[in-house]
Amino acid sequence: MPAGGSVTLSCSVEGSAGWKFDWFRRDSVSSKAQLMRGNEANRVISVSQGGLYHCRGGRGDPVYYTEDSSDVTVKETLRNRITVKLQHSWSQIFTGETITVRCEIQGGEGKVWKYEWTAPNTNSPPTSSEYRISRVSVSHSGDYRCRGSSDYLLTGWSDAFRLTVSSSKPRATLTAQSSVIPARGSVTLSCSVEGSAGWKFDWFRRDSVSSKAQLMRGNEANRVISVSQGGLYHCRGGRGDPVYYTEDSSDVTVVETFPSKPTVTLQPSWPQIYSGETVTVRCEIQGGEGAQWTYEWRAAKLNTPPTSNEYRIIRATESDSGGYSCRGRRDYFFSGWSDIITLTVSSSKPRATLTAQSSVMPAGGSVTLSCSVEGSAGWKFDWFRRDSVSSKAQLMRGNEANRVISVSQGGLYHCRGGRGDPVYYTEDSSDVTVTETFPSKPTVTLQPSWTQIYSGETVTVRCEIQGGEGAQWTYEWRAAKLNTPPTSNEYRIIRATESDSGGYSCRGRRDYFFSGWSDIITLTVSYKPKAKLRADNTAVPVGGSVTLTCSVNPSSSSGWKYYWYRDEKSSEALTTQDAVFHSNGQIRVSQEGLYRCRGGRGNPVYYTEDSQSVRIWKNVPIRPVVTLYPNWSEIYRGETITVRCEIHGGDTEWDYEWETNSMI
């Protein structure tokens with residue numbers, strides 16, 4: 001039963017129906033069962049208390065009872081924290097040691113617990129809180145868990161404790177602060193067992209390789225001692241009860257010091273060495289000239305270090321990187337170890353870097369090129385040029401100490417560095433394109449060359465290179481809206497919008513020639529214009545005509561032709577049969593009506609908005625007569641009269657206009 005929870009019990013009588021159920025519980029095997037619930041129609045109940053439970057069924061009148069069910073044990077789970085620990089907090093256990101694994105139940109004090117264990121390589125785990133393993137082996141490696149039970153109380157399983165047993169017996173490691181004792185000085189020796197703890201140490205010394213080792217100090221808790229006598233030293237570790245011993249450490253030789261310390265140098269003395277180069281590491285002992293020295297080397301890759309004073313590395317690799325130091329030995333003297341010199345070998349072959357003062361060469365001028373190899377020294381340089389991408393590179397200059405040259409010819413240039421004997425070459429640099437400047441600067445024009453362009457018109461921006469006719473140019477454009485500029489000499493804008501407004505410039509490119517950038521021409525795109533219509537008179541005199549003038553913002557636009565229309569419903573433009581046309585946007589008309597106009601230009605034709613309409617009237621040679629009715633010679637205030645307009649000889653439906661004058 002989970003802590004604070006409950007368990008569901010179900011009672012059934014197989015293959016029959018009509019039963020009701022009695023439920024019983026006991027506190028222990030020997031106690032008497034107590035009826036919890038009787039004559040229950042529900043065959044399922046929930047319980048929250050540990051114990052021994054059984055049930056039975058009953059039906060009919062009088063009641064007929066089944067046999068009692070078998071007991072079911074329900075245990076309560078405690079919230080206690082349970083932990084598996086190693087008696088000795090050693091992180092590493094070795095084959096042959098004796099260990100104790102302990103099960104601890106926090107908050108379970110005062111109870112009599114019985115323990116269960118899950119452990120590898122055991123048929124009969126203990127029921128106590130301690131699990132002792134004598135002479136542990138690799139087969140004991142694995143996860144150890146435990147739990148406790150008391151009456152009908154049960155803890156959960158502990159988290160797994162992972163025991164790892166090493167198959168090999170550990171070997172003590174003896175290290176010396178220095179293998180050489182300074183005059184009248186001492187050396188510190190340190191004994192350790194890697195990756196484990198809890199050791200005490202025994203120390204041994206021999207006078208020679210053939211003599212028997214003598215115990216100097218035994219069962220020392222301190223793993224460090226100081227010695228002032230030369231000899232062969234070794235140590236071992238021991239721990240536990242009974243004591244478990246490590247393998248003896250390797251011997252460490254302590255010798256007397258020669259007063260002079262060697263120096264390690266690199267030939268050549270470059271700070272950065274690359275994979276494939278040849279370098280020599282040299283050991284020099286000042287004051288030791290004329291003596292017959294045997295040399296020792298310390299280096300990461302030297303599996304079989306040389307005994308001479310030079311170590312030559314042919315075709316160095318990244319694994320040759322590291323610190324190099326040396327010392328000399330003759331008779332029973334050792335020099336001290338030299339200071340470490342660090343050799344760094346880069347795994348990647350370096351690439352030369354070529355930079356140009358400018359990628360464009362002025363007409364009749366030159367450009368400076370610089371070659372370098374980053375982070376290293378000692379290079380000389382080879383310079384190459386190609387006439388085209390597909391042509392073979394030609395060596396211009398070789399083994400140049402100067403890393404800067406001046407060129408006056410267009411083309412594709414690259415360089416490389418070389419140093420050492422035999423020569424080690426870098427990767428070639430990337431190509432740098434140097435182009436010569438074409439003496440003529442292009443011109444950008446607009447077609448049509450209208451100073452004002454309106455939204456919806458079509459316009460072509462054209463790049464022209466004077467003196468470059470007949471050549472196969474590729475063009476570059478600079479313009480605000482050109483996400484993908486064309487490479488031809490024309491950029492056609494169909495149905496221009498305001499966003500096409502701005503500056504346009506271009507330049508041409510062919511082979512390794514560039515023209516300069518053209519001056520910027522500015523394109524201004526405005527909203528669609530509206531034509532304006534003016535009439536010199538709105539009434540056509542008898543036998544005469546009226547002049548109409550149509551215009552489109554005459555101060556800022558040009559190229560317009562004009563189209564004339566009469567009456568609002570007419571969509572047919574006037575022809576020479578309807579009016580007299582003039583070239584300056586004027587016509588003369590002698591027919592009355594409602595006139596309007598619009599401008600158009602370009603191909604396809606772009607039209608302005610229609611102008612406002614103007615009404616033209618036609619005068620007739622009939623003079624109207626005004627009469628009074630009644631035709632009294634004198635009229636008095638308050639009387640009613642009629643003023644009548646009569647047109648004699650005009651059989652037409654007239655619209656009339658009146659002017660009044662108080663003097664009439």
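Owing to the predicted nature of the structure, the values given are computational and were not obtained by experimental measurement.
Side chains of Gln447 and Thr460: no donor on one and acceptor on the other come within 3.5 Å. Using a 3.5 Å distance cut-off with no hydrogens or angles, the side chains of Gln409 and Tyr512 do not pair a donor with an acceptor. When only modelled atom types and interatomic distance are considered, Ser526 and Gln452 share a side-chain donor-acceptor pair under 3.5 Å. A side-chain donor-acceptor contact under 3.5 Å links Arg566 and Gln591. Looking only at atom types and distance, the side chain of Arg588 has a donor-acceptor partner in the side chain of Thr547 under 3.5 Å away. Using modelled atom types, one finds a donor on one side chain and an acceptor on the other under 3.5 Å when comparing Tyr274 with Ser376. With 3.5 Å as the limit, one finds a donor-acceptor pair spanning the side chains of Tyr565 and Arg598.
In this structure, Thr353 and Cys415 approach most closely via the heavy-atom pair O-SG, 4.4 Å. What you find for Asn399 and Lys380 is that their closest heavy atoms are OD1-CD, 3.1 Å. Residues Leu354 and Ser429 come closest through the heavy atom pair CB-OG, 3.5 Å. Pairing each heavy atom of Met396 with each of Val407, the nearest pair is CE-CG1, 4.0 Å. The two residues Pro268 and Thr278 come nearest to each other via the heavy atoms CD-O, 4.2 Å. Heavy-atom minimum distance, Ile520 versus Ser505: CG1-CB, 4.0 Å.
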Given side-chain contact (heavy atoms from CB on, under 4.5 Å), test Asp536 with Val546 step by step and report yes or no.
CA-CA 7 Å; Asp536 65 347; Val546 169; 3.2 Å; yes

Worked verdict on Tyr527 versus Glu498 for side chain to side chain donor-acceptor pair (under 3.5 Å):
CA-CA 8 Å; Tyr527 290 113; Glu498 273 190 291; 3.2 Å; yes

Can Ser179 and Val254 be said to form a side-chain contact (heavy atoms from CB on, under 4.5 Å), step by step?
CA-CA 5 Å; Ser179 61; Val254 178; 5.8 Å; no

Is there a ring pair (Phe, Tyr, Trp, His ring centres under 6.0 Å) between Tyr607 and Tyr563 once you walk through the steps?
CA-CA 9 Å; Tyr607 293 104; Tyr563 301 84; 5.4 Å; yes

Let me see the working for Thr265 and Thr263 under side-chain contact (heavy atoms from CB on, under 4.5 Å), right down to the final yes or no.
CA-CA 7 Å; Thr265 59; Thr263 302; 4.2 Å; yes

Apply the test side-chain contact (heavy atoms from CB on, under 4.5 Å) to residues Val255 and Ile181: give CA-CA distance (whole Å), side-chain angles for both, the deciding distance (0.1 Å), then the verdict.
CA-CA 6 Å; Val255 297; Ile181 301 175; over 6 Å; no

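In this structure, the separation between OH on Tyr454 and OG1 on Thr524 is 10.5 Å, given to the nearest 0.5 Å. If you take CG on Asp320 and OG1 on Thr344, they are separated by 11.5 Å, rounding to the nearest 0.5 Å. The CD atom of Glu427 sits 11.0 Å away from atom NE2 of His414, with the distance rounded to the nearest 0.5 Å. The structure places OH of Tyr504 at 10.5 Å from OG1 of Thr522, a figure rounded to the nearest 0.5 Å. Atom CD1 of residue Ile493 and atom CG of residue Leu523 lie 5.5 Å apart, to the nearest 0.5 angstrom. Taken from CD1 in Ile587 to OG1 in Thr549, the straight-line distance is 9.0 Å, to the nearest 0.5 Å.
Using a cutoff of 4.0 Å between basic side-chain nitrogens and carboxylate oxygens, Glu457 and Arg601 are scored as salt-bridged. Electrostatic pairing of Glu296 and Arg329 counts as a salt bridge here, judged by a charged N lying under 4.0 Å from a carboxylate O. Salt bridge status for Asp610 with Lys530: absent, with no side-chain N to carboxylate O gap under 4.0 Å.
No side-chain heavy atom of Lys532 sits less than 4.5 Å from a side-chain heavy atom of Ser611. In this structure the side chain of Ile616 reaches within 4.5 angstrom of the side chain of Tyr595, judged on heavy atoms. In this structure, the side chains of Lys528 and Thr608 stay at 4.5 Å or more apart for every pair of heavy atoms. Considering only heavy atoms from C-beta on, Asp519 stays 4.5 Å or farther from Val444 through its side chain. Looking only at side-chain heavy atoms (C-beta outward), Leu548 and Leu533 come within less than 4.5 Å of each other. Taking 4.5 Å as the limit, every side-chain heavy atom of Asn489 sits out of range of all side-chain heavy atoms of Trp473. Side-chain atoms of Trp270 and Val279, non-hydrogen and from C-beta on, never get closer than 4.5 Å to each other. Side-chain contact between Arg462 and Glu490 is present, with at least one heavy-atom pair separated by less than 4.5 Å.
Taking the ring axis of Trp383 as reference, the NZ or CZ atom of Arg397 does not stay both within 45° of it and closer than 6.0 Å to the ring centre. Within the cation-pi definition used here (under 6.0 Å to the ring centroid, within 45° of the axis), Arg596 does not qualify as a partner of Trp564.
Contacts of Arg403 classified as salt bridge (Lys or Arg N to Asp or Glu O under 4.0 Å), with partners at least two apart in sequence or in another chain: none.
A donor-acceptor pair is defined here as one N or O able to donate and one able to accept, closer than 3.5 Å; no such pair exists between the side chain of Ser335 and the backbone of Lys261. Judged by distance alone, the side chain of Ser178 and the main-chain N or O of Val180 form a donor-acceptor pair under 3.5 Å. A donor-acceptor pair under 3.5 Å is formed between the side chain of Arg419 and the backbone N or O of Ala377. A donor-acceptor contact shorter than 3.5 Å links the side chain of Tyr424 to the backbone of Ser275. A donor-acceptor contact shorter than 3.5 Å is absent between the side chain of Ser269 and the backbone of Leu266. Although no hydrogens or angles enter the test, the distance criterion places a donor-acceptor pair under 3.5 Å between the side chain of Arg385 and the main chain of Gly410. A donor-acceptor pair is defined here as one N or O able to donate and one able to accept, closer than 3.5 Å; such a pair exists between the side chain of Trp477 and the backbone of Ser488. A donor-acceptor pair is defined here as one N or O able to donate and one able to accept, closer than 3.5 Å; such a pair exists between the side chain of Thr435 and the backbone of Ser359. No donor-acceptor pair under 3.5 Å is formed between the side chain of Ser372 and the backbone N or O of Glu374. A donor-acceptor contact shorter than 3.5 Å links the side chain of Thr437 to the backbone of Met361.
Within a 6.0 Å sphere centred on NZ of Lys561, heavy atoms belonging to other residues, nucleotides or ligands number 12 at most. Atom NZ of Lys618 has 12 or fewer heavy atoms from other residues, nucleotides or ligands within 6.0 Å.
Between Trp560 and Tyr606, the ring planes are tilted. Angles from 30° to 60° get that label.
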